[in-house]
Amino acid sequence: MINITLPDGQVKSGLVGVTPAEVARGISNSLARRALAARVAGRVVDLSAPLNEDASLAILTFEDKDGRQVFRHSSAHLLAAAVQRLFPGTLFAIGPAIEDGFYYDFGAKRPFTPEDLAAIKEEMQRLAKADLPFERGEITRDEALERFAGQTYKEELIRGLAEDATISTYRLGDFVDLCAGPHVPSSGYLRAFELTSVAGAYWRGDERNPMLQRVYGTAYPDQKQLEEHLRRIEEARKRDHRRLGQELDLFSIQDEAPGFPFFHPKGMVLRNELEQFWREEHRRAGYQEIRTPLIMNRSLWERSGHWDHYRENMYFTRIDEIDYAVKPMNCPGAILVYRNRLHSYRELPLRLCEMGLVHRHELSGVLHGLMRVRAFTQDDAHIFMLPSRIRDEVTGVIEMVDRFYSVFGFKYRVELSTRPENSMGSDADWEAATTALAGALEGRGTPYQVNEGDGAFYGPKIDFHLEDCLGRTWQCGTIQLDFQMPEKFDLTYVGEDGQKHRPVMVHRVIFGSIERFIAILTEHFAGAFPAWLAPVQVRVFPITDRQAGYAEKVRSALAEAGVRADADLRNEKVNYKVREAQKAHIPYMLVTGDREVAAGTVAVRHRTRGDLGAVDLTEFIGTIREEIASRKTDAV
RNA sequence: GCCGACGUAGCUCAACGGUAGAGCAGCUGAUUUGUAAUCAGCAGGUUGCCGGUUCGAAUCCGGCCGUCGGCUCCA
């Protein structure tokens, strides 16, 4: 007999060799039905894997992350099995579970077409219906090499395995795959799936390797959940900032300037509002704003290290036979400002902020609306300070980031990235810098996750990933500590002792890039920006031409009060004007008919709260000004 | 950059070897309207660009430009 400890602490005894499937049946029928795999002593295994000694056991269902992974991974095998039947001779690479589904990479004779995908899906459905078991086998390295002879990618994978590794295979019908597993018991478990796209992907993600055909899919335990997932994708598509940017006339990207966005009047309102908010907050937090040139001499970039570490992404130009570079970062400019005169320890920390327009060459294939561009504006700041002040300063920045994101209603996650390979500086400096950042986070009790080797070439960093209303995360804010630049540029301050000392520098952004932040806001709010950001805050419309004069008076009273208002005086029905204003997500519509003219009121309609009835004009102006000034977001 | 798909009126799309069509938007007129589309008329395109095949090309072929999806998830 062995003892099996369940997650709730309950201990069950069972015979040696009892399987998780049997244990699940002993607990409840419904659990047994939903069971996909099991976690035994921390390892995820098949439901049929026998238990031979005392262990902890958790039955995994689709509700568990690991259970989902197993489910999707099995779906990838089903996909591969179908491909093997329809396209004999295909080479198989890897087929893992991913965030919302799975993929499988194939070395196919020709690219798959959408028609192929439809046929593959049908074959998958047939194989699922046949309810074929997933059968595990264990073989030696030599047997594996023999079995997968000619499957070049599998051979490469086998050779990459440790000498003493257990090599397992899983069979599904005629398809046998090299696979660590585990898997669901049989293909009948895979009831609801969809193949979503096909794309080229390099073997092992390296562009020097052959290009494979990657088929993406998603899978759920039932049709309802699958449909819900597809609906979420459709919702994300509707919110796509490129689509809304066009519909709401915020910005455009033209063939004449790929990756370099054009901001239209309405998009500029967003930008300017964000910048104004940013300036208010920075002034309050003791920052001073600067502006540095877009183009600076090549020697500056050589000195900063960008020439060696960042040249690939930079643009160059020549002026009077001399080489210049277009700035990809703002720090060297800020450093020149600092170096322009002597600084006393008394004026530190010196916080210089800059809405800096940077240009970076990105591969043409990765450009994406405002999210990935070749020119963008960083809401940058460089803080020069005494080494002893690092923790306090970083804490201050973290608090500022928290304040910014909360205004928009974003939740966020924090990551700490450590020293990468291609980096400058001594181990001791890196160690000290990394410790200081971690200390600031811990001092505030901010939970964070460590990303080994993901820092910038000049120092470690803290990244802020904010989460939008669809649960997607975006890296926006970052705080980077830098001991290298002050050294390279021989920055100094005069200390209490009258001697020169080396300051420490922090680079940081909060929005990250204004362009990208606007894209994120657009998708987060689905174009319905809070009143303080809305390009048009109020639209006034008369019911008939008779009230046009009054409507115009209302409009100008609003404009006078600093509210962005326009008037729709066209000869159209109210329904029509309401519809247009709703589609444009204008927060407030003011209808002015004969009744309102007579009473000196406006009939207020809010885009989500609907008809709010007639209100005195001055009263309305008071409330909306308050809503704007407090930068409220709509209650959702 | 690489692989694949795509590029037709301002927008969304049709026509897929016989010299381009609809809806919306725009303009003009009628209608004077109370909370998500009033009606009618008009106008709008070197079919991304360059070249080729053909009696004839939006359509077929090649090159270029651009857009979209992917190129991090390790049996």
Side-chain angles (χ1 to χ4, degrees), chain A residues 69 72-73 76-77 80 92-105 108 110-114 116 144 148 151 153-162 165-170 176-181 196-216 237 240 242-243 246-247 249 252-259 312 361-369 454 541-548 570-584 589-596 603-607 610-614:
Chain A
Q69 289 244 335
R72 265 98 184 232
H73 182 199
H77 274 238
F92 297 88
I94 57 169
I98 52 173
E99 183 72 23
D100 280 320
F102 61 88
Y103 70 76
Y104 209 111
D105 282 345
R110 60 165 177 82
F112 292 132
T113 64
D116 292 336
F148 292 100
Q151 282 286 350
Y153 302 111
K154 295 295 179 191
E155 286 176 316
E156 195 176 322
L157 291 169
I158 294 165
R159 288 202 194 88
L161 293 173
T166 310
I167 297 183
S168 58
T169 61
Y170 276 81
V176 179
D177 203 358
L178 175 73
C179 181
T196 47
S197 67
V198 58
Y202 300 105
W203 168 236
R204 292 178 180 250
D206 188 329
E207 63 186 22
R208 288 164 303 193
N209 286 336
M211 169 102 30
L212 305 170
Q213 287 291 306
R214 173 171 296 179
V215 177
Y216 283 91
R237 198 183 65 79
D240 191 312
R242 292 167 300 184
R243 177 195 174 102
Q246 154 79 15
E247 280 174 16
D249 199 18
S252 61
I253 296 188
Q254 321 259 354
D255 288 358
E256 287 78 359
E312 306 270 283
H361 180 71
E362 299 285 354
L363 293 179
S364 59
V366 306
L367 300 178
H368 181 92
D454 226 20
F541 38 83
I543 288 176
T544 73
D545 292 347
R546 275 198 306 284
Q547 307 93 12
R570 291 174 305 170
N571 178 9
E572 295 289 351
K573 293 175 106 168
V574 178
N575 277 324
Y576 183 85
K577 295 181 183 179
V578 166
R579 182 180 149 83
E580 289 212 333
Q582 286 285 157
K583 285 206 309 182
M589 287 150 263
L590 301 184
V591 180
T592 57
D594 287 335
R595 295 202 293 268
E596 287 72 24
V604 181
R605 179 190 164 103
H606 184 262
R607 64 183 168 198
D611 192 343
L612 303 177

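We name chains A, B, ... by the order of the sequence lines, and we start the count at 1 in each one.
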Worksheet item: Looking at G66(B), C73(B), U35(B), which one has an atom nearest to any side-chain atom of Pro258(A)?
Response: G66(B)
Discussion item. If you compare every side-chain N and O of His368(A) against the phosphate oxygens of G69(B) (OP1, OP2), does one of them come in below 4.0 Å?
Written reply: yes
Discussion item. Heavy atoms from C-beta onward define the side chain here; which of C71(B), C74(B), U35(B) lies closest to that of Leu157(A)?
Written reply: C74(B)
Practice prompt. Answer yes or no: is there a side-chain heavy-atom contact under 4.5 Å between Gln582(A) and Arg605(A)?
Written response: yes
Item to complete: Just call it for Asp255(A): base, sugar-phosphate, or nothing, with non-hydrogen atoms closer than 4.0 Å on any strand.
Response: sugar-phosphate
Practice prompt. Using the C1' atom on both, measure C49(B) against G45(B) and round to a whole Å.
Written response: 16 Å
Item to complete: Apply side-chain hydrogen bond (donor to acceptor under 3.5 Å, both in side chains) to Glu155(A) and list each qualifying residue two or more places apart in sequence or on a separate chain.
Response: none
Worksheet item: With the sugar-phosphate defined as primed atoms, P, OP1 and OP2, and the base as all remaining atoms, what B/S/- string results for nucleotides 40-45 of chain B, 5' to 3', for protein heavy atoms under 4.0 Å?
Response: ------
Worksheet item: So, does the side chain of Asn575(A) form a donor-acceptor pair with the base of U35(B) at under 3.5 Å?
Response: no
Fill in: Polar pair under 3.5 Å, donor/acceptor by atom type, side chain Glu596(A), base G34(B)
yes
Practice prompt. Measure the CD-CD distance between Glu99(A) and Gln69(A) for me, rounded to the nearest 0.5 Å.
Written response: 9.5 Å
Worksheet item: Can you check the Arg72(A) CZ to C73(B) P distance for me, whole Å?
Response: 18 Å
Worksheet item: What does Tyr216(A) touch in the nucleic acid at a heavy-atom separation under 4.0 angstrom: a base, only the sugar-phosphate, or nothing?
Response: sugar-phosphate
Worksheet item: According to a 3.5 Å limit on both distances, what stems of 3 or more consecutive Watson-Crick or G-U pairs are formed with RNA chain B?
Response: B:1-7 with B:65-71, B:10-13 with B:21-24, B:26-30 with B:38-42, B:48-52 with B:60-64
Worksheet item: Say you pick atom C1' in C55(B) and the same atom in G17(B); how far apart are they, in whole Å?
Response: 12 Å
Fill in: Presence of Arg607(A) side-chain N/O under 4.0 Å of U35(B) phosphate oxygens OP1/OP2
no
Worksheet item: Roughly how far, to the nearest 0.5 Å, is OH of Tyr153(A) from CD1 of Ile94(A)?
Response: 11.5 Å
Worksheet item: Please give, in whole Å, the distance from U72(B) P to Glu99(A) CD?
Response: 17 Å
Fill in: Gln246(A): partners by side-chain hydrogen bond (donor to acceptor under 3.5 Å, both in side chains), with sequence neighbours left out
none
Discussion item. What's Asp594(A) touching, base or sugar-phosphate or nothing? Going by heavy atoms closer than 4.0 Å.
Written reply: base
Worksheet item: Rounded to the nearest Å, what distance is computed from the CG atom of residue Leu212(A) to the C1' atom of nucleotide C2(B)?
Response: 12 Å
Worksheet item: Under 4.0 Å: is that the gap between some side-chain N or O of Arg595(A) and OP1 or OP2 of G34(B)?
Response: no
Worksheet item: Roughly how far, to the nearest 0.5 Å, is CD1 of Ile98(A) from CZ of Arg72(A)?
Response: 9.0 Å
Practice prompt. Check side-chain contact (heavy atoms from CB on, under 4.5 Å) between Gln254(A) and all other residues, then give those that pass, not counting sequence neighbours.
Written response: Ser252(A), Glu256(A), Phe262(A)
Worksheet item: How would you label the contact of Lys154(A) with the nucleic acid (heavy atoms, under 4.0 Å): base, sugar-phosphate, or nothing?
Response: sugar-phosphate
Discussion item. Run the side-chain hydrogen bond (donor to acceptor under 3.5 Å, both in side chains) test against Tyr202(A) and tell me which residues pass, sequence neighbours left out.
Written reply: none
Fill in: Candidate nucleotides C2(B), U35(B), C74(B), ranked by approach to the side chain of Arg204(A) - the nearest
C74(B)
Practice prompt. Let me know the distance between CD of Gln213(A) and C1' of C2(B), rounded to the nearest Å.
Written response: 13 Å
Worksheet item: In terms of the angle between their ring planes, are Tyr170(A) and His77(A) parallel, tilted or perpendicular, with boundaries placed at 30° and 60°?
Response: perpendicular
Discussion item. Distance check, P atoms only: C2(B) and U72(B), in whole angstrom units.
Written reply: 16 Å
Worksheet item: Given the P atoms of G1(B) and A57(B), what is the spacing between them in whole Å?
Response: 32 Å
Worksheet entry | Residue list, side-chain contact (heavy atoms from CB on, under 4.5 Å) with Asp611(A), at least two apart or on another chain | none
Worksheet item: So what does Gln246(A) touch, heavy atoms closer than 4.0 Å: a base, only the sugar-phosphate, or nothing?
Response: sugar-phosphate
Response to the item:
Residues at least two apart in sequence or cross-chain that pass side-chain contact (heavy atoms from CB on, under 4.5 Å) with Asp594(A), listed by chain then number, are Arg546(A), Gln547(A)
Worksheet item: Who pairs with Tyr103(A) by ring-ring contact (aromatic ring centres under 6.0 Å, His included), at least two apart in sequence or on another chain?
Response: Tyr216(A)
Worksheet entry | Sequence-distant partners of Ala603(A), side-chain contact (heavy atoms from CB on, under 4.5 Å), two or more places apart | Val591(A), Glu596(A)
Discussion item. Regarding Val366(A), tell me which of base, sugar-phosphate or nothing describes its non-hydrogen contacts under 4.0 Å with the strands shown.
Written reply: base
Response to the item:
Separation of U35(B) atom C1' from Gln582(A) atom CD, nearest Å, is 9 Å
Worksheet entry | Given G69(B), A37(B), C71(B), the nucleotide with the shortest approach to the side chain of Ala201(A) | C71(B)
Discussion item. Does Ser168(A) reach a base, just sugar-phosphate, or nothing at all? Heavy atoms under 4.0 Å.
Written reply: base
Worksheet item: Could one point to a donor on the side chain of Tyr202(A) or the base of G70(B) with an acceptor on the other under 3.5 Å away?
Response: no
Item to complete: Would you classify Ala603(A) as touching base, sugar-phosphate or nothing, given that sugar-phosphate means primed atoms plus P, OP1 and OP2, and contacts are heavy atoms under 4.0 Å?
Response: base
Worksheet entry | Pairwise 5' ranking along RNA chain B for Phe112(A) and Ile158(A), keeping only the more 5' one | Phe112(A)
Polar-atom pairs under 3.5 Å, protein N or O versus N or O of nucleotides 24-26 of chain B: list them with distances, or write none.
from   : atom 1 : to        : atom 2 : distance (Å)
A25(B) : OP1    : Tyr576(A) : OH     : 3.1

Worksheet item: Would one find a side-chain N or O of Ser197(A) under 4.0 angstrom from OP1 or OP2 of G69(B)?
Response: no
Fill in: Ile253(A) CD1 - C68(B) P separation (whole Å)
7 Å
Worksheet item: So, Glu580(A) and Arg570(A), do they make that salt bridge, N to O below 4.0 Å?
Response: yes
Worksheet item: Can you name the side-chain hydrogen bond (donor to acceptor under 3.5 Å, both in side chains) partners of Asp177(A), sequence neighbours left out?
Response: Tyr104(A), Lys154(A)
Practice prompt. Sticking with atom C1', work out how far U28(B) lies from A15(B), rounded to a whole angstrom.
Written response: 30 Å
Discussion item. Taking the nucleotide of RNA chain B with the nearest heavy atom to each, does Leu363(A) or Arg546(A) sit closer to the 5' end?
Written reply: Leu363(A)
Item to complete: Please state the C1' separation for the pair G41(B) and A36(B) - nearest whole angstrom.
Response: 26 Å
Discussion item. When the P atoms of G7(B) and U12(B) are compared, how many Å lie between them, rounded to an integer?
Written reply: 12 Å
Worksheet entry | Atom-to-atom span, CG of Asp100(A) to C1' of G69(B) - whole angstrom | 16 Å
Practice prompt. Let me know the distance between CZ of Arg214(A) and C1' of C73(B), rounded to the nearest Å.
Written response: 8 Å
Item to complete: Taking atom C1' in both G52(B) and U59(B), compute the distance separating them and give it to the nearest angstrom.
Response: 15 Å
